[in-house]
Protein chains: 2
Amino acid sequence: MSNSYILSPFKSSSHTHAHCLGSALSKAESTCAERGLRLTRLRRRVLELVWGSHEPVKAYDILDSLHDNSRRAAPPTVYRALDFLRQEGFVHKIESLNAYVGCGEPGHSNAGQFLICSGCSAVAELDDVDIINMIASKARQLGFVVQDHTIEVQGLCAECQEKGL
Amino acid sequence: MSNSYILSPFKSSSHTHAHCLGSALSKAESTCAERGLRLTRLRRRVLELVWGSHEPVKAYDILDSLHDNSRRAAPPTVYRALDFLRQEGFVHKIESLNAYVGCGEPGHSNAGQFLICSGCSAVAELDDVDIINMIASKARQLGFVVQDHTIEVQGLCAECQEKGL
DNA sequence: ATTGATATGTTATAATATAACATTTATTGT
DNA sequence: ACAATAAATGTTATATTATAACATATCAAT
């Protein structure tokens, strides 16, 4: 048996995104409660904005969306919230895009593997033990011990292939 | 038979780095000649500076090293050279560090897999077909076709483990 | 030599991220 | 409830990474 999960699948273009959003928020709520952490208004708001998009979201776009019709928030406001959300595994940074995505399953080990569609920018997240084990084993052959990883795979999702992209 | 290469191993702390540098430069020379491309003084200089370090190098550090004792070069000078070197596979960008490393084997397919030591910042590069195939196969199960990848593994090299880091 | 293509120089600015310190809000112990 | 403490957020400034746009220089082939 291999523990290989699809943490976030590619969404069909017609899916009801409010569902993922609600589910992600309530998972974050309960996880924070368990861990004795505070999902403050700001952190919650940022998490909503990250989940609210089908695509990886830029920090400064979040910043722009945060205005309480008063003055625009300053960068540290967003980066601190993102740091918290990343630390708790609610959000991941896509290094190759400098952008952030929601994590479908906060419970899982921190680093997922991301499939990024160059057609529609959709992202799927895997947590695949086969991949992780193979990489760890190859690394170990060189005497290297793995602590963490950044795995981002660029390509085309099924929908975009059909569209001829 | 599996085509799994170590493009750049971890260097023993005592190795003669001038050798890799010289070898990298002559490979770049000949590859450019074959491809009808110009390894200009600037591009060559940047390639030397990237190879000259055991660690991934920052673009602005290259910039600082470029001064012809006259005025400091401007960013596009370096970024354009890096773009060329990356395109031809002589240099890779480490996305998780925003830094650049020399590629041991320009002939290989563009994207390697990088082991990055958090102790000494050394980087090894693999071009491992087993890893690539496994990822491609996992992706295909979701209907995703792989075009490229960013694989960066953080951990500890053998030397740093011995030092108790 | 002239022309067209390629590469580099130069100036300005965009995009991404953090440092440092002030203020506010929540939590805890009394 | 209140003070003391801790945690989070606000605010200002600045660091870091990267690109756009246009001018000039160099190279390559006729």
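Here the C1' atom of nucleotide dG10(D) and the CZ atom of R72(A) are 14 Å apart, to the nearest Å. With rounding to whole Å, L39(B) atom CG is found 18 Å from dT26(D) atom P. The nearest whole Å value for the distance from the CG atom in D61(B) to the P atom in dT17(D) is 8 Å. Whole-Å rounding puts the D83(B) CG to dA7(C) P distance at 12 Å. One interatomic measurement links the two molecules: CG of L63(B) to C1' of dT10(C), which rounds to 13 Å at whole-angstrom precision. If you measure from atom CZ of F84(B) to atom C1' of dA5(C), you get 15 Å, rounded to the nearest angstrom. Rounded to an integer number of Å, the gap from CG of L37(A) to C1' of dA8(D) is 13 Å. Atom pair Y79(A):OH and dG10(D):P shows a separation of 16 Å (rounding to whole Å applied).
Counting any heavy atom pair closer than 4.0 Å across all strands shown, T77(A) reaches a base atom.
In this view, K93(B) satisfies the side-chain hydrogen bond (donor to acceptor under 3.5 Å, both in side chains) rule with no residue, not counting sequence neighbours. Scanning for side-chain hydrogen bond (donor to acceptor under 3.5 Å, both in side chains) contacts around Q87(A) gives an empty result, with sequence neighbours left out. Remark: R80(B) pairs with no residue by the salt bridge (charged side-chain N to carboxylate O under 4.0 Å, His left out) rule, at least two apart or across chains. Partners of D83(A) by side-chain contact (heavy atoms from CB on, under 4.5 Å), not counting sequence neighbours, listed by chain and number: R86(A). F144(B) meets the ring-ring contact (aromatic ring centres under 6.0 Å, His included) test with F10(A); sequence neighbours excluded.
Within the structure, every side-chain polar atom (N or O) of K58(B) is placed at least 4.0 Å from both OP1 and OP2 of dA15(D). A close approach under 4.0 Å does occur between a side-chain nitrogen or oxygen of N98(A) and OP1 or OP2 of dA17(C).
Under the 4.5 angstrom side-chain criterion for Ile, Leu, Val, Met, Phe, Trp and Tyr, the cluster partners of V123(B) are I94(B), L97(B), V101(B), F114(B), I116(B).
Stacking between Y60(A) and dT16(C) is present: the aromatic ring centre lies within less than 5.5 angstrom of the base six-membered ring centre, and the two planes differ by under 30 degrees.
Counting only residues at least two apart or on different chains, the side chain to side chain donor-acceptor pair (under 3.5 Å) pairs with a member in residues 140-151 of chain B are S118(A)-Q147(B), Q113(B)-H149(B). Among residue pairs with one or both ends in residues 21-48 of chain A, none qualify as ring pair (Phe, Tyr, Trp, His ring centres under 6.0 Å); sequence neighbours excluded. The list of salt bridge (charged side-chain N to carboxylate O under 4.0 Å, His left out) pairs with a residue in residues 51-67 of chain A, not counting sequence neighbours, reads D64(A)-R72(A).
Of the residues in residues 25-35 of chain A, not one places a heavy atom less than 4.0 Å from an atom of DNA chain C.
The distance from the OH atom of Y100(A) to the CG atom of L47(A) is 14.5 Å, given to the nearest 0.5 Å.
The minimum heavy-atom distance between W51(B) and F90(B), with the atom names listed, is NE1-O, 4.2 Å.
Mapping R41(B) and A74(B) onto DNA chain C via the closest heavy atom, the residue that lands nearer the 5' end is R41(B).
Taking the screw axis at each terminus of the helix from dA1(C)-dT30(D) to dT30(C)-dA1(D) from five consecutive base pairs, the angle between the two is 30° to within rounding of 10 degrees.
Crowding of R41(B) atom CZ: a count of heavy atoms from other residues, nucleotides or ligands under 6.0 Å not exceeding 12.
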Between the protein and nucleotides 20-28 of chain C, list every N/O to N/O distance that falls short of 3.5 Å.
none

